[in-house]
K.L.:
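Handing you this structure, nothing more for now.
Each ligand, and each atom within it, is numbered from 1 in the order the structure gives.
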Amino acid sequence: MQWSVRRQSSWVQLAGHQGNFQLSEGGEVLKRFSEVEAVCLQALMADPLRPFVPQYHGSVTKGGESYIRLKDLLSGLKNPVIMDCKMGVRTYQEEELTKAHTKPTLRTDMYQKMVKVDPTAPTVEEHKQRGVTKWRYLQWRDNTSSTATLGFRIECIMVRDTRDFKKMLTPAQVTEALLSFTKSQLHILVSHLLQALDEALKESPFFKAHEVIGSSLLFVHDRTSQASIWMIDFGKTTPSPSSVQLRHDVPWAEGNREDGYLIGLLSGGSVCGQGTINLVPIENLIL
Ligand SMILES: O=P(O)(O)O[C@H]1[C@H](O)[C@@H](OP(=O)(O)O)[C@H](OP(=O)(O)O)[C@@H](OP(=O)(O)O)[C@H]1O
Ligand SMILES: Nc1ncnc2c1ncn2[C@@H]1O[C@H](COP(=O)(O)OP(=O)(O)O)[C@@H](O)[C@H]1O
């Protein structure tokens, strides 16, 4: 996942794969087609979670590429503030672990991403091979972020503001402005939206029957009364085996398929509720 901010007019892509999205007409975005994601979105359109999922309009082929058509969640917002939180206690599928054990493929790009963050993270052997398996990389990312402990991690926050900052002089002033602004929205997000989402998840046949891996909650507000939370990215969300009844609120152990989604929702809600937003280092706020 890149910490990228790409802007096409007012549209912003906070995270995710480069080149996966295209802005389309009529308040839609196009996301590179994935069968797994399309099947999930189709099912979600008839599920209690529908109000929390961008409207799905089927697929389209453009320039020889297939895309999923989604409602543009930023459409109509002048100065959106967006936060992408990746949910769950792990971001790799169990199949990735099996592959790492049985048929390991070494990824040089992931080794390089790892070394860039922490040159001491790879083992002696990984340094020698200049590669790590995808499972090893994703697990390392989970363990070195809040994913494994809190059940979610903040991928990126973006604040756009057209207020006049010219006379805002000191770092303290800027910090205070940012924090007070974000804080004032937390109340809305926590008390209303997170609770409503929690209730919808508990009612949802889709949620009961799916292992939700690597999916994000996209928080969007525009500093007015408009605030929303959206479930996005179902590229690694798959039906759980019929023999497994997922709870979503217990830790993962190999074979139990648990994703820990509700652990993340609960801890995210309590972090926000206490107003302790210092979980997000200031340098990660992109203006
Ligand atoms: O965020 P960083 O540390 O860059 O790592 C990324 C994210 O984990 C991506 O997950 P997501 O799409 O949920 O953000 C994952 O894509 P997958 O969805 O394919 O697992 C990428 O795997 P590769 O696409 O194999 O590189 C991996 O390189
Ligand atoms: N329907 C949407 N409307 C507006 N922005 C979106 C929408 N879906 C995704 N995005 C933006 O794109 C980013 C990456 O989305 P995601 O589905 O996670 O991509 P990937 O599968 O490549 O990881 C999000 O963080 C968000 O900023």
K.L.:
Using every non-hydrogen atom in the two residues, find where E211 and R257 come nearest and quote the distance to one decimal.
P.N.:
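The pair with the smallest heavy-atom distance is OE1-CD, 2.9 Å.
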K.L.:
Would you say K236 and ligand 1 have an N/O pair spaced under 3.5 Å apart?
P.N.:
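Looking only at distances, the answer is yes, because the N/O contact criterion of under 3.5 Å is met.
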K.L.:
Answer with yes or no whether the side chains of D84 and S216 bring together a donor and an acceptor at under 3.5 Å.
P.N.:
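Checked: S216/D84 side chains pair up, N/O donor to acceptor below 3.5 Å.
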K.L.:
Of R90, R136, R153, which is the lone residue that meets salt bridge (Lys or Arg N to Asp or Glu O under 4.0 Å) with D142?
P.N.:
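Only match with D142 under salt bridge (Lys or Arg N to Asp or Glu O under 4.0 Å): R153.
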K.L.:
Going by an N to O cut-off under 4.0 Å, is there a salt bridge joining R141 and E155?
P.N.:
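Yes, this pair counts.
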K.L.:
Please could you name the atoms of ligand 1 that G214 approaches to less than 4.0 Å, counting only its heavy atoms?
P.N.:
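Counting atoms of ligand 1 from 1, those under 4.0 Å from G214 are 13 (O).
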K.L.:
If the cut-off is 4.0 Å to any non-hydrogen atom of D72, which atoms of ligand 2 fall inside it?
P.N.:
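Those of ligand 2 that fall under 4.0 Å from D72 are 3 (N), 4 (C).
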K.L.:
Can you tell me if K86 has a non-hydrogen atom under 4.0 Å from ligand 1?
P.N.:
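A heavy atom of K86 does come that close to ligand 1.
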K.L.:
Can you find an N or O of R141 that's nearer than 3.5 Å to an N or O of ligand 1?
P.N.:
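N/O-N/O distance under 3.5 Å: yes.
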K.L.:
Do S216 and ligand 2 have an N or O pair less than 3.5 Å apart?
P.N.:
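Not met; the criterion fails.
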K.L.:
In terms of atom number and element, which parts of ligand 1 are under 4.0 angstrom from non-hydrogen atoms of L138?
P.N.:
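In order of number, 8 (O).
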K.L.:
Does the ring pair (Phe, Tyr, Trp, His ring centres under 6.0 Å) test come out yes or no for H210 and F234, once each step is laid out?
P.N.:
CA-CA 10 Å; H210 284 76; F234 300 99; 9.1 Å; no
K.L.:
Grab the two heavy atoms, one from L97 and one from E254, that are nearest each other, plus how far apart they are.
P.N.:
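The pair with the smallest heavy-atom distance is CD2-CD, 3.4 Å.
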K.L.:
Under 4.0 Å, counting heavy atoms only: does D233 come that close to any atom of ligand 1?
P.N.:
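Under 4.0 Å: yes for D233.
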K.L.:
Can you name the closest pair of heavy atoms from L265 and M87 and give their distance?
P.N.:
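Minimum heavy-atom contact is N-CE, 3.5 Å.
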K.L.:
Hey, does Y137 sit under 4.0 Å from ligand 1 if you only count heavy atoms?
P.N.:
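Y137: in contact with ligand 1 (<4.0 Å).
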K.L.:
Take R32 and E65, measure what salt bridge (Lys or Arg N to Asp or Glu O under 4.0 Å) needs, and give me the verdict at the end.
P.N.:
CA-CA 8 Å; R32 197 177 295 268; E65 281 285 342; 3.1 Å; yes
K.L.:
Go through the steps for K99 and E96 under the test salt bridge (Lys or Arg N to Asp or Glu O under 4.0 Å), then give the verdict.
P.N.:
CA-CA 5 Å; K99 255 193 264 169; E96 210 61 65; 3.5 Å; yes
K.L.:
Indicate, as side chain, backbone, both or neither, the part of D84 found under 4.0 angstrom from ligand 2 when only non-hydrogen atoms are considered.
P.N.:
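Just the side chain.
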K.L.:
Pick, from K134, E96, K113, the option with the minimum heavy-atom distance to atom 17 (P) of ligand 1.
P.N.:
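That would be K134.
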K.L.:
Do any nitrogen or oxygen atoms of F21 come within less than 3.5 Å of a nitrogen or oxygen of ligand 2?
P.N.:
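Checking ligand 2 against F21, no N or O pair falls under 3.5 Å apart.
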K.L.:
Given that the side chain starts at C-beta and the backbone is N, CA, C, O, which of these parts of V29 lies under 4.0 Å from ligand 2, counting heavy atoms, or is it both or neither?
P.N.:
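Side chain only.
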K.L.:
What class does the angle between the rings of Y137 and W140 fall in, given that below 30° is parallel, 30 to 60° is tilted and above 60° is perpendicular?
P.N.:
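The arrangement is tilted - the two ring planes meet at 30° to 60°.
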K.L.:
Non-hydrogen atoms of K31 versus ligand 2: any pair closer than 4.0 Å?
P.N.:
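K31: in contact with ligand 2 (<4.0 Å).
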K.L.:
Give yes if a backbone or side-chain nitrogen or oxygen of E37 is under 3.5 Å from a nitrogen or oxygen of ligand 2, and no if not.
P.N.:
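It does not: no N or O of E37 is found under 3.5 Å from an N or O of ligand 2.
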K.L.:
Determine whether the side chain, the backbone, both or neither of I232 has a heavy atom under 4.0 Å from any heavy atom of ligand 2.
P.N.:
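For I232, only side-chain atoms sit under 4.0 Å from ligand 2.
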